[in-house]
Trainee: 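What follows is a single structure, and I will ask about it in a moment.
For ligands, and for the atoms within them, numbers begin at 1 and follow the listed sequence. This chain uses plain numbering: 1 for the first residue, then up along the sequence.
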Amino acid sequence: MKHYNIAIDGPAGAGKSSLAKALAAQLGAMYVDTGAIYRTVGLYVARQGGDCGKREDVLSKLPDIHITLDHGPDGLQRMYLNGEDVTQAIRENAVSRYASQVSAIPEVRAFLLDIQRGLAAEHNVVMDGRDIGTVVLPEAEVKVFLTASVEQRALRRWKELSAKGESPDLATIQAEITQRDYDDSHRAAAPLRQAQDAVLLDTSALNVEESLAALQAIVKERIGR
Ligand code: DC
């Protein structure tokens with residue numbers, strides 16, 4: 001198969017980014033983290049003093065947002081907001097909520113569609129998000145719906161933040177993830193849901209290596225790589 005795209009969707013904290021990134025490296029494909037693009041929009045609106053939950057606030061600022069991205073030799077996706085490198089800034093905890101809020105607005109989703117489809121048309125991509133298999137790349141050669149129990153996802157996030165030297169509260173993280181799951185799957189515009197032809201991969205009982213092996217097996221079965 002010459003050109004292929006792999007769509008990986010699922011709820012927050014399911015391990016999409018690390019697994020998709022590792023899979024892309026193994027395949028020699030481009031890894032695209034679409035959540036980072038929504039985060040960049042949320043960051044801009046918040047920085048301008050806008051309320052990410054208010055449609056008018058977000059839409060009035062949309063024309064001023066120019067987003068580009070590139071990939072370093074380490075495969076890290078760097079995000080640029082009007083030329084400024086915001087790769088780190090979009091990882092702030094508050095930005096998760098801003099991203100979820102702006103992502104519920106249909107015009108924001110439409111605004112970002114071209115960037116995502118453009119990358120997939122030009123490269124073999126492993127793209128992760130919420131609506132890649134259902135809306136962005138409905139023709140993707142492989143679709144995986146990656147999930148894990150909310151308890152496991154909260155625990156993983158807690159470990160990640162603890163390793164960074166932060167002192168997170170597990171119950172708060174779990175509540176935030178539960179809220180984001182609800183918001184992302186109940187919005188009218190491209191809600192988070194498993195595509196009909198997606199393979200479900202639940203990693204609750206799997207470690208990272210086992211999850212990656214399971215993902216690679218799905219891909220191999222579909223596209224022989
Ligand atoms: O994957 P992430 O946690 O960085 O994504 C941040 C938010 O962006 C998420 O809560 C929902 C939204 N998002 C989306 O609506 N569609 C995507 N394809 C990716 C992310």
Trainee: Does a donor on one side chain sit under 3.5 Å from an acceptor on the other, for Thr203 and Arg156?
Mentor: yes
Trainee: Should we count CD of Glu210 as having more than 12 external heavy atoms under 6.0 Å?
Mentor: yes
Trainee: For the side chain of Ser103 and the backbone of Ser100, is there at least one donor-acceptor N/O pair under 3.5 Å apart?
Mentor: yes
Trainee: Set out, in order, the CA-CA distance, both residues' side-chain angles and the distance that settles side-chain hydrogen bond (donor to acceptor under 3.5 Å, both in side chains) for Tyr38 and Arg130, then state yes or no.
Mentor: CA-CA 11 Å; Tyr38 288 93; Arg130 303 292 189 286; over 6 Å; no
Trainee: By the definition side chain to side chain contact (heavy atoms under 4.5 Å, CB included), identify the one residue from Leu137, Asp128, Ile132, Leu23 that meets it with Ile6.
Mentor: Leu23
Trainee: Exactly which residues line ligand 1, taking a heavy atom under 4.0 Å from it as the test?
Mentor: Thr34, Gly35, Tyr38, Arg39, Ala99, Ser100, Ser103, Arg109, Gly129, Arg130, Asp131, Ile132, Arg180, Asp184, Arg187
Trainee: My understanding is that a hydrophobic cluster links ILVMFWY residues whose side chain heavy atoms are under 4.5 Å apart, including indirect links. Using that, what else belongs to the cluster containing Tyr80?
Mentor: none
